[in-house]
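Shown next, in structure tokens, is the structure this report addresses.
Excluded from the calculations below are hydrogen atoms, water molecules and symmetry mates; all remaining heavy atoms, backbone and side chain alike, are included.
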Amino acid sequence: LRCRETVWLSNRKIISYYTVSMVYVLLFILASGWIAAQLVGISTDREVKNNLLRRCRTVASSMDPEIIKLLKGTPSDRGTVNYEYIKKQLHNIIIENDDCRFVYLTAIRNDKIVYLADSEPAYSKDYSMPGDIYNSTDMRTIFSGGKPLVTGPAEDKWGTWISAFSPVIDRDTKKVIAVFGMDINAADWAYAIAIDRLDPVLITLLISVIVIIFFIIYEISFEASLRVRIAEKEKFDSEVRIASDIQMGMIPKIFPHSSGRFNLYALLEPARTVSGDVYDFFKLDDDHLWFAIGDVSGKGIPASLFMVITKTLFRFIASQGGSPGTVFTKLNRELYNNNETFMFVTVFAGILDIKTGRLTYINAGHNRPYIIKYKGDIIELEKPDRIALGVDEDVIYADRDIILENGDCLFTYTDGVTEAMRENGELFDEHRLVDILKEKNDKHPEEIIQSVHGAIKDFTGNAEQSDDITMLSVKY
């Protein structure tokens, strides 16, 4: 299973990257929704306050400065024509602006800011008497600077308000003679902001629900698909294991010996479940032993299938008789025909005359074997003079002869031995192999092969096996 598809797979429980992705997507959507709500709130706040200030300026500009100048800003103004006129005007403003809670007019009298009039009736508990002091730093700023201002939310004894102030300008002197104030309830202001923020919040929630539903459906589909693929993989692995058992079952594991005249041992360790290496041996008659070792190009299932074909054909052709050269020439033609994948196999094979020690051998592109002399010398056989089997249909293979003396041992192997690799890339190589063979010159073939195999394992350590390891040894 590809690692990008699953984070953890244990006890049939699946947590996919898509679940993690969903969390990040939802966090992004929620963060975006929160930012959008804040921006909408800021925009609504600005819009409400600007609207209030605009109305405040409009009303202030419509008020008659001459009448305002006649008001003393004391309780004696009550009942006067000018006071009642202003009072009615303020009351009408409340009626026309139903969101306004208070409107009022202030002026500076005796260096104090006092109420001239407000919109409240005299019997109201919120009524401000003419002359009541209005303490406000913002108000003094307007009197001195003449610029409109909106403030809030601010709290006083009457509640929490958003307030707008605009100066009333004397037409003659162009000075501020009064300040008109307009208050709206801060709760209304907050409600307006909350209502406008509701849209992005609802949209965010809707998108989040859609995303969650999408990911749930996708996760269910993905998990079902993954479980099917796990089942298919388990089935495939099971079939590969069966194929491996069948393949390994074709490799002979009962090693022959002949009343002390020869001993034979072999080992095949696949790098994967199935192998592309092969060895075989059988007695042609009481006096002749056929043996072979080979390495198919490539790895995995294709190489293992080609290995089975090679072994089957080799056993069939060799059992009909003939020299190694004749057998290889026929075998090469059979492997070349219908070889659409252009695979090939390197093979070393020979016939040992058990009575005389004569070894008739042939090498088709394979690693050069070693003769371990009973005296301790190591002889490497000649380089192969023919290419691997399955490459060229017209190749004629010729064999050679060598006499094995009593105690001589033939050691053959595939390149998985000398190319065994440490984690740092260092190879086992031929020098280490030869040193071990020299130490084991008088040993049984099984002990020689097991010593080499152990040395390879010690050398590679925890590094993953990169190629099949195969060895075959015959001692005369």
Side-chain angles (χ1 to χ4, degrees), residues 1-59 93-94 96-103 138 147-166 181-230:
L1 296 178
R2 293 190 295 271
C3 63
R4 71 178 179 83
E5 294 177 323
T6 55
V7 175
W8 179 55
L9 174 58
S10 178
N11 297 326
R12 312 292 292 180
K13 295 180 180 178
I14 301 171
I15 298 178
S16 72
Y17 273 127
Y18 300 105
T19 303
V20 179
S21 300
M22 181 186 71
V23 174
Y24 282 117
V25 170
L26 286 176
L27 289 175
F28 175 77
I29 292 173
L30 293 175
S32 300
W34 182 86
I35 292 172
Q38 297 305 310
L39 293 176
V40 168
I42 292 171
S43 175
T44 302
D45 171 69
R46 186 182 297 115
E47 182 180 349
V48 169
K49 290 180 177 179
N50 287 342
N51 178 268
L52 180 63
L53 185 60
R54 184 169 54 253
R55 287 184 290 165
C56 185
R57 293 176 64 179
T58 300
V59 172
I93 292 170
I94 287 291
E96 293 171 0
N97 297 271
D98 56 1
D99 61 329
C100 290
R101 180 63 183 84
F102 294 110
V103 293
D138 294 330
K147 293 183 179 180
L149 179 67
V150 62
T151 63
E155 187 175 357
D156 59 20
K157 64 180 181 179
W158 292 289
T160 304
W161 313 101
I162 304 294
S163 302
F165 306 104
S166 183
M182 180 180 285
D183 294 346
I184 63 172
N185 198 316
D188 296 335
W189 162 81
Y191 179 76
I193 292 177
I195 290 298
D196 286 352
R197 281 177 171 172
L198 191 59
D199 286 343
V201 170
L202 290 176
I203 292 173
T204 299
L205 291 176
L206 179 61
I207 294 175
S208 298
V209 170
I210 293 173
V211 169
I212 290 173
I213 292 174
F214 169 79
F215 273 106
I216 289 175
I217 294 173
Y218 191 89
E219 187 73 11
I220 292 173
S221 174
F222 170 79
E223 188 170 331
S225 174
L226 190 58
R227 290 184 185 278
V228 169
R229 291 163 65 184
I230 291 172

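Here the CD1-OG distance, from I230 to S225, works out to 9.5 Å after rounding to the nearest 0.5 Å. Between the CG atom in D98 and the CG atom in D188 there is a gap of 9.5 Å [rounded to 0.5 Å]. Remark: T44 OG1 to W189 CH2 distance equals 10.5 Å, nearest 0.5 Å. Atom CD1 of residue I212 and atom CD1 of residue I216 lie 6.5 Å apart, to the nearest 0.5 angstrom. Here the CZ atom belonging to F102 is positioned 4.5 Å from the CH2 atom belonging to W161, to the nearest 0.5 angstrom. A distance of 6.0 Å separates SG of C100 from CG of L52, quoted to the nearest 0.5 Å.
With a 4.5 Å cut-off on side-chain heavy atoms, T151 and L149 count as touching. Using a 4.5 Å heavy-atom cutoff, the side chains of M182 and I93 are in contact. Looking at I162 and D183, their side chains never come closer than 4.5 Å, going by heavy atoms from C-beta outward. For the pair V40/D199, no side-chain contact is recorded, criterion being any heavy-atom separation below 4.5 Å from C-beta on. No side-chain heavy atom of V103 sits less than 4.5 Å from a side-chain heavy atom of V59. At a threshold of 4.5 Å between non-hydrogen side-chain atoms, the residues I207 and V211 count as touching.
Contact between T204 and G33 at its shortest, heavy atoms only, is OG1-CA, 3.0 Å. Across A164 and C56, no two heavy atoms sit closer than the pair O-SG, 3.4 Å. Closest heavy-atom contact between I29 and S208: CG2-OG, 3.6 Å. Pairing each heavy atom of A192 with each of V48, the nearest pair is CB-CG2, 4.3 Å. Shown here for L53 and F165, the closest heavy-atom pair between the two residues is CD1-O, 3.9 Å. Across all non-hydrogen atoms, the minimal contact from P153 to T160 is CB-CG2, 3.9 Å.
Between the side chain of S43 and the backbone N or O of L39 there is no donor-acceptor pair closer than 3.5 Å. Checked by atom type and distance alone, the side chain of N51 never pairs as donor or acceptor with a backbone atom of E47 at under 3.5 Å. A donor-acceptor pair under 3.5 Å is absent between the side-chain atoms of N97 and the main chain of D99, judged by distance alone.
Under the 3.5 Å distance criterion, with hydrogens and angles disregarded, no donor-acceptor pair is assigned to the side chains of N50 and R54.
Residues satisfying the salt bridge (charged side-chain N to carboxylate O under 4.0 Å, His left out) test with R101, not counting sequence neighbours, are E120, D126. With sequence neighbours excluded, the residues satisfying salt bridge (charged side-chain N to carboxylate O under 4.0 Å, His left out) with D45 are K49.
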